[in-house]
Amino acid sequence: MGLPSPKRVLLRRAFFDRPPQTVAPDLLGKILVHRIGDTILSGRIVETEAYLGLDDPASHAYTGLSAANEVLFGTTGLAHVYLIYGLHHCLSISAHAKGHAGGVLLRALLPMEGIDMMSRLRGKPGKTDAGWLTGGPGRIGQALGINRSTHNGLDVTRKASTLWVADDGFGCGSISITKRIGITKAADHPLRFVCQQV
DNA sequence: CCAAAGATCTACT
DNA sequence: GTAGATCTTTGGG
């Protein structure tokens, strides 16, 4: 029983056809979903950062088009998955106005479905604390089983990708905006968005 | 070719 | 609070 489950709809490509600093706050409250076989792993997005492309020294797109960052140029709504410090797979989604480049890094989720598989993937079965499980870009990658070779370039506006973003209408109550974390260049811009209430 | 840095996390002092 | 892990990509010689 209980309340009816809210209907989830896929985000459309047009959602991502806007500057990253506009898309990043709008992604708060949306749901990232990864299907592995019959198992669904999902969580509500509660922290994002915008990376502005060619004009942003902190962006992976700053130095221009290359094999490593091609997802950030061209079609929007694609998964940009990269390995950082040789250890952590992080997920961002390409977002920019036509003719530009850029993306939005997913920094934290509130886990929804598949929590025990997430805790297993994180290496401590049974440990389900949300902050530990999916609080941080590297933790999201590990908890959801995301890696560059499998997921880089997937279209998150299509369920067939097995990795997608949906909207169940809940959104995010109040948003706080701060400087971005973990960067040394262009560190002073207010481009980090955190969901305070869900 | 080699060196260095990187949109990070964990463990240990 | 600081250091170590571990590897891809980039920039300099």
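- The stretch residues 104-128 of chain A participates, sequence neighbours left out, in no ring-ring contact (aromatic ring centres under 6.0 Å, His included) pair at all.
- Distance A/Leu87 CG to B/dA7 P: 14 Å, rounded to the nearest Å.
- For A/Tyr82, the ring pair (Phe, Tyr, Trp, His ring centres under 6.0 Å) partners at least two apart in sequence or on another chain are A/His60, A/His80.
- Contact annotation: the side chain of A/Glu70 approaches that of A/Leu65 to within less than 4.5 Å [non-hydrogen atoms, C-beta and beyond].
- Using a 4.5 Å heavy-atom threshold, the side chains of A/Thr75 and A/Ser94 count as separate.
- Taking the side chain as every heavy atom from C-beta outward, A/Phe73 and A/His96 never approach each other to under 4.5 Å.
- Using modelled atom types, no side-chain atom of A/Arg122 and backbone atom of A/Met118 make a donor-acceptor pair closer than 3.5 Å.
- B/dA5 and C/dA3 have their P atoms separated by 15 Å, with the value rounded to a whole Å.
- A sub-4.0 Å separation between OP1 or OP2 of B/dA7 and a side-chain N or O of A/Ser59 is absent.
- Atom P of nucleotide B/dG6 and atom CG of A/Leu105 are separated by 16 Å, given to the nearest angstrom.
- With a 4.5 Å cut-off on side-chain heavy atoms, A/Leu163 and A/Leu32 count as touching.
- Residue pairs meeting the ring-ring contact (aromatic ring centres under 6.0 Å, His included) criterion with at least one member in residues 113-145 of chain A, sequence neighbours excluded, do not occur.
- Contacts between residues 61-75 of chain A and DNA chain C, defined by a heavy-atom separation below 4.0 Å, involve A/Thr63, A/Ser66, A/Ala68, listed by number.
- A heavy-atom distance below 4.0 Å to DNA chain B is reached by these residues of residues 77-84 of chain A, ordered by number: A/Tyr82, A/Ile84.
- The shortest distance between the side-chain N/O atoms of A/His88 and the OP1/OP2 oxygens of B/dC9 is not below 4.0 Å.
- A/Gly138 comes within contact range of the sugar-phosphate backbone alone, with a heavy-atom separation under 4.0 Å but no base atom that close.
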Distances under 3.5 Å between nitrogen or oxygen atoms of protein and nucleotides 1-3 of chain B:
none

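- Counting only distance, with no hydrogens or angles, the side chain of A/Arg44 and the backbone of A/Gly29 share a donor-acceptor pair below 3.5 Å.
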Just do the side chain to side chain contact (heavy atoms under 4.5 Å, CB included) check on A/Leu52 and A/Ser59 with the steps written out, would you? CA-CA 6 Å; A/Leu52 309 188; A/Ser59 173; 5.8 Å; no
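- Side-chain N or O atoms of A/Ser161 include none that pairs as donor or acceptor with a backbone N or O of A/Val156 at under 3.5 Å.
- Under the rule for a salt bridge (charged side-chain N to carboxylate O under 4.0 Å, His left out), A/Asp167 has no partner lying at least two apart in sequence or in another chain.
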Run the side chain to side chain contact (heavy atoms under 4.5 Å, CB included) test on A/Gln142 and A/His88 for me, step by step, so that the C-alpha distance in whole Å, both residues' side-chain angles and the decisive distance to 0.1 Å come before the verdict. CA-CA 7 Å; A/Gln142 189 178 21; A/His88 309 290; over 6 Å; no
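- Of all nucleotides in DNA chain C having an atom under 4.0 Å from a heavy atom of chain A, the first and last in 5' to 3' order are C/dA5 to C/dG11.
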Dot-bracket notation for DNA chain C is requested: 5' to 3', Watson-Crick or G-U wobble pairs only, both distances under 3.5 Å, with ( ), [ ], | and . as defined. |||||.||||||.
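- Although no hydrogens or angles enter the test, the distance criterion places a donor-acceptor pair under 3.5 Å between the side chain of A/Arg148 and the main chain of A/Val81.
- Side chain of A/Ser119 to backbone of A/Thr128: no donor-acceptor contact under 3.5 angstrom is found.
- Straight-line distance from the CG atom of A/Leu52 to the C1' atom of B/dA7: 12 Å, rounded to whole Å.
- Distance, A/Ile183 CD1 to B/dG6 C1': 12 Å, rounded to whole Å.
- Atom pair A/Arg139:CZ and B/dA7:P shows a separation of 18 Å (rounding to whole Å applied).
- One can place CD1 of A/Ile140 at 11 Å from P of B/dT8, the figure rounded to the nearest angstrom.
- Rounding to whole angstrom units, CD1 of residue A/Ile146 and C1' of B/dA7 are separated by 15 Å.
- Contacts between residues 112-136 of chain A and DNA chain B, defined by a heavy-atom separation below 4.0 Å, involve A/Arg122, A/Trp132, A/Gly136, listed by number.
- Along DNA chain B, the nucleotide nearest to A/Leu91 and the one nearest to A/Gln142 differ in position, and the one closer to the 5' end is contacted by A/Leu91.
- The closest side-chain heavy-atom distance from A/Ser92 to A/Tyr51 is not below 4.5 Å.
- Spacing between atom CD of A/Gln21 and atom P of B/dA7 amounts to 18 Å, rounded to whole angstrom units.
- Applying the ring-ring contact (aromatic ring centres under 6.0 Å, His included) test to pairs two or more places apart or on separate chains, those with a residue in residues 15-35 of chain A are A/His34-A/His151.
- Legend: salt bridge (Lys or Arg N to Asp or Glu O under 4.0 Å) pairs involving residues 74-87 of chain A, not counting sequence neighbours: none detected.
- Side-chain contact between A/Ile45 and A/Ile31 is absent, with no heavy-atom pair separated by less than 4.5 Å.
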